[in-house]
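Reviewing the structure listed below.
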Amino acid sequence: MQLTWAGHSCIRIEQDNFVTVIDPGVISHPDAADGADALLISHRHLDHYDITKIAAAAAARPGLPIYTNREVATLLEQSGAATGARVRVIGHGDAFEVGGLHVHCHGEWHAPIYPGIPDVRNTGFLIDGRLFHPGDAFTDPGVPVELLLLQLIGFYTKTSLSADYIKQVKPSRVAPIHDATLDSIGQAGTDAVFSLDPPNGLGTGVPYFRPVPGVPFDF
């Protein structure tokens, strides 16, 4: 299996020449969903869900399977972005197989942002029992995870929440996602905080590494 971080919260997974793309949003790379054989979409926020990328992927691969929750499925139907695709509605506790990958769905709701801002549905994806993409939530899949994709910055999170999430899930490794609004200085500072022990870092006890965007790595 090869993983490629395609910017912000988008991850491309390639196994046996089958490409599964999670969360191709408006600020992921322009080619994030190119050549996709399946799409997984955690929730409706535009940094995870770009109808232009989705429509192009659906047009390029007739019958493209798209797995997402009911809110996003409704938006896809209304927009016509998934014309010709096969949209599969999934939710917490569901499991399916795509391209030889076993996927389990975890969680129901986006992490709270602020009182008065409506909640939206959110589905985290556990891939082959090893890789967990939580979307925009702090859902504990309840199983040992080899690689946790960690949200670094957003309206709903902060460093202490992310650190506590690592300590709760106890993955073997952590890699950052959801940080498109950080410049290179912010990324370097955040990486140091998550990598180091006190007093200069958080001391989560979990190895942390930053993939090179756009460059595949073996997993």
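Because the structure is a prediction, the values reported are computed rather than measured. Numbering starts at 1 and runs along the sequence shown.
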Determine, step by step, whether His45 and Phe155 satisfy the ring-ring contact (aromatic ring centres under 6.0 Å, His included) criterion, reporting the C-alpha distance in whole Å, the side-chain angles of both residues, the deciding distance to 0.1 Å, and the verdict. CA-CA 12 Å; His45 288 159; Phe155 298 123; 8.9 Å; no
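Between Phe138 and Tyr156, the two ring planes are tilted [angle within 30° to 60°]. Ring-plane geometry between His8 and His48 is classed as perpendicular, the angle between the planes exceeding 60 degrees on a 0 to 90 degree scale with a lower cut at 30.
Scanning all heavy atoms of the two residues, the minimum distance from Thr4 to Val215 falls at CG2-N, 3.9 Å.
Both tests pass for Arg130 against the ring of Phe219: distance under 6.0 Å to the centre and angle within 45° of the axis.
Side-chain atoms of Gln2 never come within 3.5 Å of backbone atoms of Pro216 as a donor-acceptor pair (strictly under, hydrogens ignored). Counting only distance, with no hydrogens or angles, the side chain of Ser162 and the backbone of Gln151 share a donor-acceptor pair below 3.5 Å. Of the possible donor and acceptor atoms, none in the side chain of Asn122 sits under 3.5 Å from a partner among the backbone N and O of Glu108.
Checked for salt-bridge contact, Asp179 and Arg210 meet the test: a charged N lies under 4.0 Å from a carboxylate O.
By the 6.0 Å contact criterion, CZ on Arg70 is open, its count of non-hydrogen atoms from other residues, nucleotides or ligands being 12 or less.
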Only distances under 3.5 Å count here; give the side-chain donor-acceptor pairs of residues 29-42 to other protein atoms, sequence neighbours excluded, each with its distance to 0.1 Å.
from: Asp37; atom 1: OD1; to: Arg61; atom 2: NE; distance (Å): 3.3
from: Asp37; atom 1: OD2; to: Val19; atom 2: N; distance (Å): 2.8
from: Ser42; atom 1: OG; to: Asp23; atom 2: OD1; distance (Å): 3.3
from: Ser42; atom 1: OG; to: Asp23; atom 2: OD2; distance (Å): 2.7

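For Asp50, the salt bridge (charged side-chain N to carboxylate O under 4.0 Å, His left out) partners two or more places apart in sequence, or in a different chain, are Lys53.
Within the model, atoms NE2 of His104 and CZ of Phe125 stand 13.0 Å from one another, a figure rounded to the nearest 0.5 Å.
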